[in-house]
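To start, the structure itself, in structure tokens.
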Amino acid sequence: MLDLKFIRDNAEIVKQGIANKNDKDTIDEVLKLDEQKRSSLQIVEDLKAQRNKVSQEVGRLKKAGKNADAIIAKMKEVSDKIKELDDNIREIEDKLNSLLEWIPNLPHASVPIGKSALDNVEYHQWLPEAFSFETNDKPLDHVELGKKLNILDFERGAKISGSGFPVYVGKGATLERALINYMLDLHINSHGYTEVFPPFLVNRESMRGTGQIPKLEEDMYFCEKDDVFLIPTAEVPITNLHRNEIIDEKNLPIKYAGYSACFRREAGSYGKDSKGFLRVHQFNKVEMVKFVKPENSYSELESLLSDAEDILKALKIPFKVLTLCSGDLSFAAAKCYDIETWSPAENRWLEASSCSNFENFQARRANIRFRNKETKKLEFVHTLNGSGLATSRLMVSILENYQTPEGKIIVPAVLQKYTGFNIIG
RNA sequence: GGAGAGGUGGGUGAGUGGCUGAAACCAACGGUUUGCUAAACCGUCGUACUCUGUAAAGGGGUACCGAGGGUUCGAAUCCCUCCCUCUCCGCCA
């Protein structure tokens with residue numbers, strides 16, 4: 001959520017930001033409603049001031065045993081008028097809020113302007129030693145490998161749940177579990193994050209807090225009976241840990257890392273990247289979430305990115321990092337880096353992580369503040385989060401990059417103590 | 001699922017129709033005292049919106065005691081609906 005006062009004072013900047021994000025511009029309507037609201041507010045508040053004053057007078061008169069019928073009758077009229085104006089203001093406010101909820105966060109000044117993913121800018125790239133994009137044999141893709149080695153079962157997943165619900169079997173299941181544990185341990189032991197194991201179902205307010213609602217509501221699984229949603233990412237429960245809280249400044253930054261299953265309906269994206277793990281309805285992810293002081297959020301974004309990259313370096317998976325252009329930024333993000341890992345069989349890069357700075361956009365929605373010791377004022381924190389990492393796309397890269405000419409999989413060295421075996425097949 | 005208790009400021013907690021934006025205590029902040037720390041003492045200490053306005057400040061108003069309605073000239077206080085937490089019982093992992 002943007003600050004209404006900021007919108008009022010910087011309408012042109014906001015409009016430009018929305019345009020750069022390819023989003024719908026409702027600012028003129030917002031300003032009009034804001035104007036209406038404030039003028040009505042002035043009138044009704046004057047009436048309320050009058051009512052408060054006279055009501056006290058009534059109390060005094062009654063105590064003195066005097067008759068107050070005349071002014072009571074008059075105040076009744078005032079009260080009715082107030083009620084009418086209040087209703088009117090509430091109506092305006094509802095309209096205003098429903099518009100505000102849909103206004104995206106503005107891109108940071110360092111974000112390249114662009115229309116689509118094609119305009120994203122490469123930030124840097126990392127390749128393992130002796131790596132080559134050229135391969136002599138045609139590598140098997142992860143679906144073929146999974147089937148051949150009997151470690152992934154997409155067909156049975158479709159039978160028991162539907163397409164996009166993969167089943168990990170045998171050493172595949174162990175490898176998945178090892179990967180999750182390895183990533184969590186690294187973040188907790190080496191990067192200073194506190195481990196969180198969050199709920200996978202959250203209420204509507206939480207979804208609103210991080211910005212999934214209203215814009216992405218259709219993309220989430222919803223349990224109507226209890227009005228709860230399956231989380232699309234652990235970002236939601238973990239960021240909402242501090243919803244409606246005032247965080248002690250000396251506890252900042254707060255850094256959490258947590259595993260969750262992630263559920264996405266992927267409505268409207270059928271047929272695109274549908275193979276195997278490339279687009280699934282349920283996947284596993286370790287997520288990092290930070291609550292930081294505003295002045296530090298961009299340096300925290302860099303370190304968040306580097307924390308995610310450390311996983312890939314340790315696993316020796318080739319990756320590159322993109323700075324998303326304004327048009328490709330998600331609704332709530334001010335800046336975002338995507339990490340893409342190399343898939344030799346697909347012969348392309350696959351998105352495995354997003355690391356974003358939301359500035360105070362989520363904090364304002366979720367009302368997460370701290371008291372600034374210098375100004376003594378309450379301020380919104382900045383929130384950030386990044387996948388560290390999603391296992392599905394990562395698993396594609398691991399299986400394909402670590403396959404031997406015989407079609408076996410060598411377990412990456414850092415995972416071997418977690419799996420207890422060093423080869424699959 | 002059944003029965004009961006309760007949700008008040010950063011925290012504990014008082015407050016059953018007007019003098020309560022809210023006692024008291026704790027925490028926090030500023031100061032005095034002290035060789036340093038501690039203790040003691042004094043003082044300050046809600047948020048949001050809005051109007052006015054200053055170099056910075058400040059001042060006025062409104063709202064807010066879980067949420068939303070209602071009664072009333074006037075509601076933290078009375079009524080209704082909903083949400084949440086806790087305790088006990090039942091069922092179950």
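Bear in mind the structure is a predicted one, so any value in this text is a computation, not a measurement. So that the names make sense, note that chain A is the first sequence line, chain B the second, and so on, each numbered from 1.
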Can a side chain N or O of [X] be found less than 4.0 Å away from OP1 or OP2 on [N]?
X	N	result
A:S79	B:U72	no
A:K48	B:U62	no
A:R60	B:C19	no
A:K83	B:U71	yes
A:N52	B:G61	no
A:R90	B:G69	yes

Checking contacts here: which listed nucleotide ([options]) is nearest the side-chain heavy atoms of [X]?
X	options	answer
A:S55	B:G18, B:U50, B:G69	B:G18
A:L41	B:C73, B:C49, B:C51	B:C49
A:I246	B:U62, B:G10, B:G69	B:G10

Tell me if a side-chain donor or acceptor on [X] pairs with a main-chain N or O of [Y] at a distance below 3.5 Å.
X	Y	result
A:S299	A:N296	yes
A:R156	A:V167	no
A:S343	A:E346	yes
A:S98	A:K95	yes

Quiz prompt | Pairing pattern in dot-bracket form [Watson-Crick, G-U; both distances under 3.5 Å; | = partner strand] for RNA chain B | solution = ((((((((.[[[..)..(.....]]].(((((.......))))).(((((((.....))))))).[[[[[..)....]]]]])))))))....
Quick one about [Y] and [X] (side-chain donor to acceptor, distance below 3.5 Å, no hydrogens or angles considered), yes or no?
X	Y	answer
A:D307	A:H187	no
A:T419	A:K171	no
A:S397	A:E400	no

Determine the interatomic distance between [atom1] on [N] and the same-named atom on [M]; round to the nearest Å.
N	M	atom1	value
B:A67	B:G6	C1'	16 Å
B:A28	B:C83	C1'	32 Å
B:G13	B:G69	C1'	29 Å
B:G58	B:U54	C1'	7 Å
B:G11	B:C65	C1'	16 Å
B:U12	B:A27	P	15 Å
B:U47	B:G9	C1'	9 Å
B:A22	B:C64	C1'	12 Å

Rounded to the nearest angstrom, tell me the gap between atom [atom1] in [X] and atom [atom2] in [N].
X	N	atom1	atom2	result
A:E45	B:G60	CD	P	15 Å
A:L47	B:G60	CG	P	21 Å
A:R369	B:G9	CZ	P	13 Å
A:R371	B:U44	CZ	C1'	13 Å
A:Q50	B:U62	CD	P	11 Å
A:D226	B:G1	CG	C1'	15 Å
A:I43	B:U62	CD1	C1'	14 Å
A:E35	B:C49	CD	P	17 Å

When all nucleic acid strands are considered with a 4.0 Å heavy-atom cut-off, which category describes [X]: base, sugar-phosphate, or nothing?
X	answer
A:R204	nothing
A:V58	base
A:R364	nothing
A:K250	nothing
A:D248	nothing
A:K62	base
A:I71	nothing

Would you please indicate yes or no on a ring centroid separation below 6.0 angstrom for [Y] and [X]?
X	Y	value
A:F154	A:F165	no
A:F358	A:H382	no
A:F263	A:F229	no
A:H242	A:Y256	yes

Which protein N or O atoms sit under 3.5 Å from an N or O of nucleotides 82-84 of chain B?
none

Quiz item: Considering heavy-atom distances to RNA chain B, does A:E57 or A:D46 have its closest nucleotide positioned more toward the 5' end?
Solution: A:E57
Exercise. Using heavy atoms to find the nearest nucleotide of RNA chain B for A:V44 and A:K37 separately, return the residue whose nucleotide is more 5′.
Key: A:K37
Quiz prompt | Cationic tip of A:K215 above A:F331 ring, under 6.0 Å, 45° of axis | solution = no
